[in-house]
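In what follows, chains are A, B, ... by sequence order, proteins preceding strands, each numbered from 1.
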Amino acid sequence: MARDLLGKVLVHDTREGLASGLIVEVEAYVGESDPACHAAPGPTKRNAPLYGPPGFSYVYLNYGVHYLVNVVTEPEGSPAGVLIRALEPLEGIALMRRRRMRPIPDHALCQGPGNLTRALGISLKNNKFDLRGDTLYIADRGRGIESVSWSPRIGIAVGTDRGWRCFASGHVSVSREPLSPLRKI
DNA sequence: AGCAAGATTAGC
DNA sequence: CTAATCTTGCTA
């Protein structure tokens with residue numbers, strides 16, 4: 001589930017160095033019946049990773065400008081992914097700032113799905129990566145998120161009825177506050 | 001072969 | 001509020 005990814009750590013280890021951040025905001029895109037999911041039109045070349053085994057990455061170029069990274073969550077043949085929308089920077093902050101090429105406070109370096117891939121140096125080359133590997137991977141460092149909020153997903157025109165965005169309540173690195181949180185746990 | 005749209009962001 | 005920027009997927 002999307003909730004389980006909150007509090008985990010996304011790490012990208014490259015020649016330039018290692019950068020990582022605590023996952024504080026995600027959105028679920030589930031199945032061909034979800035109109036906002038890239039699997040909605042059925043299998044295509046682009047969404048192939050969604051139909052693959054869980055635990056792999058699905059990276060794509062959005063608006064011709066930003067790379068967005070998902071974690072494939074369902075068994076092979078069942079297309080679903082969780083979009084990572086924001087991280088609290090942990091390691092490699094100097095490297096992140098260099099990649100962002102812009103004066104930004106620490107907490108905002110990985111704020112937003114396009115910004116975090118830029119800060120971590122994630123691109124199309126990282127598509128279909130095994131997230132239990134040693135280049136782009138998710139680590140459990142025993143850190144949890146104490147308070148979680150849910151809201152509709154952001155930036156989409158369809159499927160807004162589903163409250164499948166979840167984030168660390170009130171965290172400074174969350175991309176933005178929800179218009180209407182559905183519940184808090 | 002041509003075209004419209006898109007899970008965003010920064011700048012005016 | 002809008003431009004930027006380009007790949008995918010659909011239509012002809």
Not counting sequence neighbours, which residues clear side chain to side chain donor-acceptor pair (under 3.5 Å) with [X]? List them please.
| X | value |
| --- | --- |
| A/R141 | A/E91 |
| A/R100 | A/N115 |
| A/R46 | none |
| A/T160 | none |

Could you name each residue pair satisfying salt bridge (Lys or Arg N to Asp or Glu O under 4.0 Å) that touches residues 54-71 of chain A, not counting sequence neighbours? none

Of all pairs that satisfy salt bridge (Lys or Arg N to Asp or Glu O under 4.0 Å), the ones with a partner from residues 122-133 of chain A, not counting sequence neighbours: A/D130-A/R132

Scan for side chain to side chain donor-acceptor pair (under 3.5 Å) pairs involving residues 55-74 of chain A, sequence neighbours excluded, and state none if there are none. A/H38-A/Y58

When rounded to the nearest Å, what value does the distance between P atoms of B/dA5 and C/dT2 take? 16 Å

Separation of A/L50 atom CG from B/dA7 atom C1', in whole Å? 11 Å

Show each protein N/O and nucleotides 5-11 of chain C N/O combination with a separation under 3.5 Å, one pair to a line.
unit_1, atom_1, unit_2, atom_2, d
C/dT5, O2, A/Y63, O, 2.2
C/dG9, OP1, A/T44, OG1, 2.1
C/dG9, OP1, A/R46, N, 3.1

Just to be sure I understand: a Watson-Crick pair is purine N1 to pyrimidine N3 plus N6-O4 or O6-N4, both under 3.5 Å. Using that and G-U wobbles, which stems of three or more pairs involve DNA chain B? B:1-6 with C:6-11, B:8-11 with C:1-4

Detail all sub-3.5 Å separations between protein N/O atoms and N/O atoms belonging to nucleotides 9-12 of chain B.
unit_1, atom_1, unit_2, atom_2, d
B/dT9, OP1, A/P113, N, 3.2
B/dT9, OP1, A/G114, N, 2.9
B/dT9, OP1, A/N115, N, 3.3
B/dT9, O4', A/H66, NE2, 3.0
B/dA10, OP1, A/R100, NH2, 2.9
B/dA10, OP1, A/N115, OD1, 3.4
B/dG11, OP1, A/R102, NH1, 2.9
B/dG11, OP1, A/R102, NH2, 3.2
B/dG11, OP2, A/R102, NH1, 3.3

Looking only at atom types and distance, does a side-chain atom of A/R162 sit under 3.5 Å from a main-chain N or O of A/R153, one as donor and one as acceptor? no

Sequence neighbours excluded and cut-off under 3.5 Å, please list the side-chain donor-acceptor pairs for residues 75-87 of chain A, or say none.
unit_1, atom_1, unit_2, atom_2, d
A/R85, NE, A/E25, OE2, 2.9
A/R85, NH2, A/S175, OG, 3.4

For residues 102-129 of chain A, pull every pair meeting ring-ring contact (aromatic ring centres under 6.0 Å, His included), keeping only residues two or more places apart or in separate chains. none

